Amino acid sequence: MQTASRTLDAREIQKWDDEADVVVVGLGCAGACAAIEAVDAGAEVLVLERAGGGGGTSAMSGGVIYLGGGTPVQEKCGFDDSPDEMFEYLMAACGPGPDEAKLRLFCERSVEHYHWLVDQGVPFKAKFYPEPGMEPPTDDGLIFSGSEDAWPFDRIARPAPRGHKAQAEGAAGGFLMQRLLAAVDRVGARVRANVRASALVVEPDGRVVGVAASEQRERRAFRARCGVVLTAGGFVRDREMLRRYAPALLACNMPLGCDGDDGCGIRMGMAAGADAVRMEAASISLPLYPPKRLMKGILVNRHGQRFLNEDAYYGRSGEFALLRQEGRVHLIIDDATYVRNHAGMEISAVGESVEELEREIGLPEASLQQTVELYNRNARRGSDPVFHKSPDYLTPLEHPPYGAIDCSTERAIYAVFTLGGLRTRTSGEVLTPDGDPIPGLYAAGRTTSGLAAQGYSSGLSLADASFFGRAAGRAAAGA
Ligand SMILES: Cc1cc2nc3c(=O)[nH]c(=O)nc-3n(C[C@H](O)[C@H](O)[C@H](O)COP(=O)(O)OP(=O)(O)OC[C@H]3O[C@@H](n4cnc5c(N)ncnc54)[C@H](O)[C@@H]3O)c2cc1C
């Protein structure tokens, strides 16, 4: 862990190497949106980026942005949505204990945010892609990217797809960032690449007035006349921080993040007295689908028991499997339901009977047999009174041979990134544990705790990075 456990006293700075009204640390999605809005609010902006250029994890992403409440894409694809339905879903799905003020504002302004993204040169094709899960291989612009149409959420809010993918085939994060970086350039924000921020510069009264950094091994100091915005990503690539704050993630084999996700932005904020919240939270994807047809199988824990409706978003299955079942889970299917998993998760055990499969994978005697017997009995009637899986995915498992896909952390893909970080207001102002704003300090994206307190739906990270990045840029500019 590279520490940023202290701040630098402004009185120690002999000379500033550069200055601007607003200094943004990190040029991913949050940093780009902060920079664009700060310039728009009349500020001179300097962006510091530790890599050779902007992009960050945002450029590696699928480019799916969670938007709704009646966007033009939703309307053209024939889906009814409203800010209230979106809010009800997110309040239920992002918990426990999501930030209600952030969710409310985000839902109310989601359509406006859609138009802002389009104005920055990020197009979305008004075509619905029916297979949920990962970003579509096509350039289609709309998918179900969470558990909106699965129990219990389908009873809480009217289901609507809200995953909006920037219009490019397959993973669209590179395209999204190309367009946002072009907008940063167009508005005239200055970018200094290969500059690694290491500490905040603070006046004796606690006001943040600049950033200490290194550039080609030289020490640098950058003055921020109005404010500093920390948008330096999360901490999934820092094992020491994971050990301290989110140890369950250490078992996961696919950290979703660039080198910059080392928690530096969070530690810089904490050193200046910021509160860090929900540091254990993470997006935990267990990509059991696509194809979603595989969800006709059942997920069982080490006691041979089901633990959720399998048609839920795979981020919910991953979260439940890792955090509630210690990552010891199998997907059970039969010959009629089996289909090849797109992420390459293979059958690991086969049995001519459920009893044989149960023995093969080492489950307690009769446990899986009872589970399958009960599941089949109800599935024949088209119901799932225990976990309420949709009838679309309810089929009795009765066609041998039976198979199991080992979804343990040792064998399956657990793709994770952190969701915890600095506590901020909707304006991006960074707060102390007492809830007071730290003068001159703002943050957004994975450096903060954003829309998803724990429960995640795909697209929420880029959504809050872009939406609250904009807010932080405006606030730092004094708008
Ligand atoms: C394969 C993959 C697919 C994904 N798909 C999606 C998706 O479809 N939708 C979605 O919402 N999320 C997705 N995610 C997650 C999402 O990409 C990230 O959570 C999000 O991009 C974070 O944005 P950010 O602006 O906070 O951070 P980043 O985009 O990582 O930007 C942070 C920037 O700060 C820089 N930086 C770090 N430290 C310093 C420092 N000390 N000094 C200067 N600069 C620094 C970094 O180099 C980086 O450029 C995906 C992630 C991956 C890896």
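In what follows, every heavy atom counts, from backbone to side chain, and hydrogens, waters and symmetry copies are set aside. Note that the structure is predicted; figures quoted are calculated from it, not measured. Both ligands and their constituent atoms are indexed starting at 1 by order of listing.
Applying the salt bridge (charged side-chain N to carboxylate O under 4.0 Å, His left out) test to pairs two or more places apart or on separate chains, those with a residue in residues 14-24 are Lys15-Asp17, Asp18-Arg190, Asp18-Arg192, Glu19-Arg223, Glu19-Arg225, Asp21-Arg225.
Residue Val191 forms a side chain to side chain contact (heavy atoms under 4.5 Å, CB included) with just one option from Asp185, Val45, Leu27, and that option is Leu27.
Residue-level contacts of ligand 1 at the 4.0 Å heavy-atom threshold are Val25, Gly26, Leu27, Gly28, Cys29, Ala30, Leu48, Glu49, Arg50, Gly55, Gly56, Thr57, Ser58, Met60, Ser61, Gly62, Gly63, Val64, Val195, Arg196, Ala197, Thr231, Ala232, Gly233, Leu256, Gly260, Cys264, Phe417, Gly445, Arg446, Tyr456, Gly459, Leu460, Ser461, Leu462.
Ring geometry, Phe468 versus Phe106: the interplanar angle falls from 30° to 60°, so the pair is classed tilted.
With ring centers used as reference points, Tyr456 lies 6.0 Å or more from Tyr66.
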| task | Report the C-alpha distance between Phe144 and Tyr313 in whole Å, list the side-chain angles of each, state the deciding distance to 0.1 Å, and finish with yes or no for ring-ring contact (aromatic ring centres under 6.0 Å, His included). | result | CA-CA 9 Å; Phe144 273 102; Tyr313 166 55; over 10 Å; no
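Contact annotation: the side chain of Phe124 never approaches that of Gln167 to less than 4.5 Å [non-hydrogen atoms, C-beta and beyond].
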